[in-house]
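Keep in mind that this is a model prediction, so the values were computed, not measured.
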2 protein chains.
Amino acid sequence: MELRQLKYFLKAKELLNFTEAAAALYISQSTLSQQIKQLEDELQVPLFNRIGKRITLTEAGNLFALYAQQSVNKASDGLQFIKDLNNLETGKIAIGVTYALRHVVTKALILFSSEYPKIQFEIVFGTSQELIHKLNHFELDVILTFEEIASEAHFKYRELFTSPMALVTSSETSLIHKKSISLKEVSSLPLALPSSGFSTTLFINKAFEKDNLNPKVTIEINDIPTLLELIKTGKWHTILTKTTIENEKDLHAIPIKGQNMTRTAMLISLKEVYEKKAVKAFLNMLMENLK
Amino acid sequence: MELRQLKYFLKAKELLNFTEAAAALYISQSTLSQQIKQLEDELQVPLFNRIGKRITLTEAGNLFALYAQQSVNKASDGLQFIKDLNNLETGKIAIGVTYALRHVVTKALILFSSEYPKIQFEIVFGTSQELIHKLNHFELDVILTFEEIASEAHFKYRELFTSPMALVTSSETSLIHKKSISLKEVSSLPLALPSSGFSTTLFINKAFEKDNLNPKVTIEINDIPTLLELIKTGKWHTILTKTTIENEKDLHAIPIKGQNMTRTAMLISLKEVYEKKAVKAFLNMLMENLK
DNA sequence: TATAATCAATCGATAAAACCGATTTAGGAA
DNA sequence: TTCCTAAATCGGTTTTATCGATTGATTATA
């Protein structure tokens, strides 16, 4: 039993005339006869009565038609659904973002959703490690994060922009007039940093180590909004990429001096996994929006 | 898109391993690869990600699988349904009966229903002409009636039994002691007959004509139960086949003398129309029951 | 009533395609 | 590295879907 045969049968049922049905199907009458016969052989029951040159449906034919129609419909529904998927009329995008890049995503998200309102989103915030783990387990389509120390062969990397590492401080402190600040100066300030799992912390700790500096880290915290809350009190300072506090009114970012004190924001996805049409479109819009 | 391909795809989806799926489907891995590829080409989207030697489902694959599964299911449901039909676990039998033969049908009906309780029945009582009309319009599978004057080529006839024409009279009348009665005697009695559309009436009127007799028909009526009601009063007599009043307690049948005074009960069906399994089984049981 | 037209079935031939085995390619394991 | 394994690819074979022509039978019509 094949969909082809079911379609032939349904057309023959509709027209109750093999010759016309064959014409409507763009096949020869001979072919139609044979395919119907084959279907009947498989079901071991005639679907049509052959009364002289006329045909009528048998009971079996009439009842079987219901199932045949549904089978054909489901298949064509599936085809239609895939087409919708390609036209961005359905589908889901799962994005992982490190907190530092949340503004980049939200801006693109708002724009994209107004153009393709039917596309669903799942946004996952987390550390780079967490997100990469999810990416490897096919739970995410793409992640937005800063460059990794070691690049992996099965990932596809797309650079977005660079952002300097910066001392983040309350707008109220006396530091805000400085154009830039050295790592040594930073190390003497009371610091509250993201937990060691965060890539920014990993990155900056390496820099301190290299310069043999001992920063005064009094707080480690794994939630950035809470961290920013603390910084706003003026009692602590922290170190983040400048992008992270782009839209924060009460905070100020002072770039840190040094050659390697900039980081590159990247898109990371799996090289060999088919990239959904919707994801492609979203990423294009996101990158376009950065220019 | 063919059911074959959908089945292949679903098996591959289930095992996530082309080699194993091919083995489970009793086809070569090469064939499976090709058929999946063909399906993907038609949908214009990959269903599987090929990550090294592993495969995983794409979003499209995962969503399409729902439709594929339903399409396959509907087709196999159809097949199963037809099998049930052949096993008499479903289906409908439409029988036309002339009133005279109702006991024959009801007896078989009760017996058959206890063996095949899932089979539906539609019983249509009517005159031979009415029933034959319905038979020709495929509204009935088979009819039970007495032999027709003219047999038609596109009908299939099966004889059941013969039954004498009889004068039917109330059990109270003085006639009940007679073993038989002549047509001439009958013609002198007050008669209530079925309407002229009934084959029994057509039949007996021809016999009267042949013998140049003028029967005293005071009532014609097209409903047999009402007719019998009238006969029970003893005021009238009627002429029916003996079978007609088989189970009537208050009535008595006296066979009419003469060579052609018996009628043959028959099954009539359409020659070139497929006879349902259920109908076959029912008619077998009916005929078996007459022995 | 003969004749023509029509329709489904059948036949033989052809083109299409499903399928297989062998080979290639490449990832993953030892 | 080398071996093992899984999917893709290639070339050839078998199967089958398809066609055109014909047959057989029914219906319409002249």
Would you call the rings of [X] and [Y] parallel, tilted or perpendicular if under 30° counts as parallel and over 60° as perpendicular?
{"X": "Phe48(A)", "Y": "Phe18(A)", "answer": "perpendicular"}
{"X": "Phe112(B)", "Y": "Phe282(B)", "answer": "perpendicular"}
{"X": "Phe155(B)", "Y": "Tyr157(B)", "answer": "perpendicular"}

Listed nucleotide nearest any side-chain atom of Arg4(B), set dG12(C), dA9(C), dA18(C): dA18(C)
Glu288(A) and Asn284(A) side chains, donor-acceptor separation under 3.5 Å: no
Under 3.5 Å side-chain donor-acceptor pair for Ser28(A) and Thr31(A): yes
Members of residues 24-31 of chain B that approach DNA chain C, where some heavy atom sits under 4.0 Å away: Tyr26(B), Ile27(B), Ser28(B), Ser30(B), Thr31(B)
Along DNA chain D (nearest heavy atom to each residue), the more 5'-positioned of Lys37(B) and Leu32(A): Lys37(B)
Under 4.0 angstrom between Gln34(A) side-chain N/O and dA8(C) OP1 or OP2: no
Under-4.0 Å side-chain N/O to phosphate OP1/OP2 contact, Arg50(A) with dA9(C): yes
Nucleotide range of DNA chain D lying under 4.0 Å from chain B heavy atoms: dT5(D) to dC10(D)
Non-hydrogen atoms of Leu85(A) and Lys277(A) that approach each other most closely: O-CB, 4.2 Å
Whole-Å distance between [N] [atom2] and [X] [atom1]?
{"X": "Asn49(A)", "N": "dC7(C)", "atom1": "CG", "atom2": "P", "result": "19 Å"}
{"X": "Arg54(B)", "N": "dA26(C)", "atom1": "CZ", "atom2": "C1'", "result": "14 Å"}
{"X": "Ile36(B)", "N": "dC19(C)", "atom1": "CD1", "atom2": "C1'", "result": "15 Å"}
{"X": "Asp41(A)", "N": "dA9(C)", "atom1": "CG", "atom2": "P", "result": "12 Å"}

Sugar-phosphate only, base, or nothing, as touched by Gln38(A) at under 4.0 Å among non-hydrogen atoms: sugar-phosphate
Sugar-phosphate, base or nothing in reach of Phe48(A), heavy atoms under 4.0 Å: nothing
Contact check, side chains of Leu131(A) and Thr98(A), non-hydrogen atoms, under 4.5 Å: yes
Minimum side-chain heavy-atom gap Leu6(B)-Tyr8(B) below 4.5 Å: no
Over-ring placement of Arg263(A) relative to Phe203(A), 6.0 Å and 45° cut-offs: yes
